[in-house]
2 protein chains.
Amino acid sequence: MLKKERQAYILHKLDLHNKVVNTGLCADMGVSEDTVRRDLYELSQAGKLIKVHGGALSLAFNEVRFESTNVYSQSKKVKIAEKAIGLIHNNMYVLTSGGTTILEMAKQLPPQLRATFITGSIPALNLYIAHPNINVIVVGDKVNKASRITVGASALSKIREVNADLCFLGTNAIDLQRGITDNDWEVVELKRAMVAASAKTVCLAISEKLNSFEALQVCALKQIDYLITELDPNDKVLQPYVEAGITVL
Amino acid sequence: MLKKERQAYILHKLDLHNKVVNTGLCADMGVSEDTVRRDLYELSQAGKLIKVHGGALSLAFNEVRFESTNVYSQSKKVKIAEKAIGLIHNNMYVLTSGGTTILEMAKQLPPQLRATFITGSIPALNLYIAHPNINVIVVGDKVNKASRITVGASALSKIREVNADLCFLGTNAIDLQRGITDNDWEVVELKRAMVAASAKTVCLAISEKLNSFEALQVCALKQIDYLITELDPNDKVLQPYVEAGITVL
DNA sequence: CCTTCATTTGCAACTTTTTGCAACTTTAAT
DNA sequence: ATTAAAGTTGCAAAAAGTTGCAAATGAAGG
């Protein structure tokens, strides 16, 4: 088993179970514990998992309780959320992906707003339900516990039935050539369906995500209607995106 | 079980019950009392809980909680939940309705249990997701905010695709002639579909609901396999149900 | 096909962390 | 005050991690 192969397997197993143990991985992959440890070390350096004594935990596992979400990026997300909410008007149908930026938006939604939100993100769902005037539609399917979103064929086909006004994507990576990219196949498929099901697509990204890319393409740049970051729209980093025809807020 | 995992589990259990006892945690996690004590010590040092003789309390404990459900019926629900959990075995597919008795069951699920739960109840969903070994499938559709369950044609058709081993119904009214009845048309349709989609149907009802009825029938008595109340199965109130061929627990 | 070179892997010796046990002390409840 | 349950402390065994090193592997070029 090749190194890349092993590491992909580790991440996949983490995705399924939220944790992996050293000894289990040895048995699975037929390598020594030392090698597994080295793989885990590399992956933790790359920020893909949290190494603990005896194994590793998924990032999401930690997020739930142990990590006080980085205050610095938190304030950026608040800024982004405020701008994003300005796009939503009464009686709209809105599709939202998962991700912490989307959650921030869900928290800020003004109580007067009357709209219908459609999502497979469980944390977002909980916030929408608490809102007095928002209708909620859940995209049902198997729940991926690490990312706490529903994934699968049924979720996909349900999204394809939707005709939404807006689609908000929490974005992992955005780049001029490659558009929006992500690293989880299931998430990519869902986001792609969301974009296709919406009249307008809004990309929410903190500035660190700009000009970076991951392995799998969600959509090309020209399919995005709005790009929202915490920066001033006149910031020179954003000008290439403006020139590409995107409304930058 | 990894250390971080154990500690996360302890905090999770505290969230549910506001207290944990040493011995219970030992049994849950399969470690010695010393280890549990050390975990509690670390968590208390980190300010995540309050350690007391014999266990620990959640930080929120000092806020006196006036639960909407009175303490009296709460303890009945705990009893029912404990009996109900005895019916669930590893690798089963379990359908659950909404309702507070079902929620109590979700809170008590033993951490070792490996099963797949299918539900449209949002509060139940949140509890299942927090469980370490349970797979969750969400029945998606429009959310009824009052009852916090998904309702609609799509939810119905999804349930009809399921082949579950067990179906747990939180019950509003049960009666010898009319079987299980309810007063909300959408809920009745969902429960009916759930019964049809499961090999066995389990009816959870506090004793006040016995021998009462509502306007709409979910199913006849003979379609119920198990009836669980907080009473002793030999209680004379329950004998007519035993005679009707139901296993009363 | 072979050689070379960098990388990867497993092993061995050693350190650290984790865990359960035993002896003893403290707590709380009758 | 008595007693059983819980807590503490010290300790030793087991598990996991670390480091250095040599063998194995794989890619690149001849």
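Values in this document were obtained by computation on a predicted structure and should not be read as measured data. What you see below is based on every heavy atom in this structure, not just the backbone, and it leaves out hydrogens, waters and symmetry mates. Residue numbers begin at 1 in each chain, while the letters A, B, ... track the order of the sequences.
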Can you tell me which nucleotide in D:dT19, D:dG7, C:dT8 comes closest to the side chain of A:K3? C:dT8
May I have the distance from B:Q7 (atom CD) to C:dT17 (atom C1'), rounded to whole angstrom? 14 Å
The side chain of A:R37 lies closest to which of these nucleotides: D:dA16, C:dG10, C:dA28? D:dA16
With a 3.5 Å distance limit and no angle check, can you tell me whether B:T35 reaches the backbone of B:V31 through a side-chain donor-acceptor pair? no
Distance below 4.0 Å between A:R38 side-chain N/O and C:dG10 OP1 or OP2: no
Separation of A:I174 CD1 from A:L221 CG (nearest 0.5 Å): 5.5 Å
Under 4.0 Å from OP1 or OP2 of C:dT9: is there any side-chain N or O of A:T35 that close? no
Phosphate contact (D:dA15 OP1 or OP2) by A:N22 side-chain N/O below 4.0 Å: no
Base, sugar-phosphate or nothing for A:V21? Non-hydrogen atoms, less than 4.0 Å. nothing
Look only at the side chain of A:E5 and the backbone of A:L2, and say whether a donor-acceptor pair between them is shorter than 3.5 Å. yes
Students often get this wrong, so: under 4.0 angstrom with heavy atoms, is B:V52 touching a base, only sugar-phosphate, or nothing? sugar-phosphate
Heavy-atom closest pair, residues A:G170 and A:S97: N-OG, 3.0 Å
Closest of D:dG17, C:dC11, D:dT9 to the A:D34 side chain is C:dC11
Rounded off to whole Å, could you give me the NZ-to-C1' distance for the B:K4 and C:dT17 pair? 15 Å
Among D:dG7, D:dT19, D:dG17, which nucleotide has an atom closest to any side-chain atom of A:H53? D:dG17
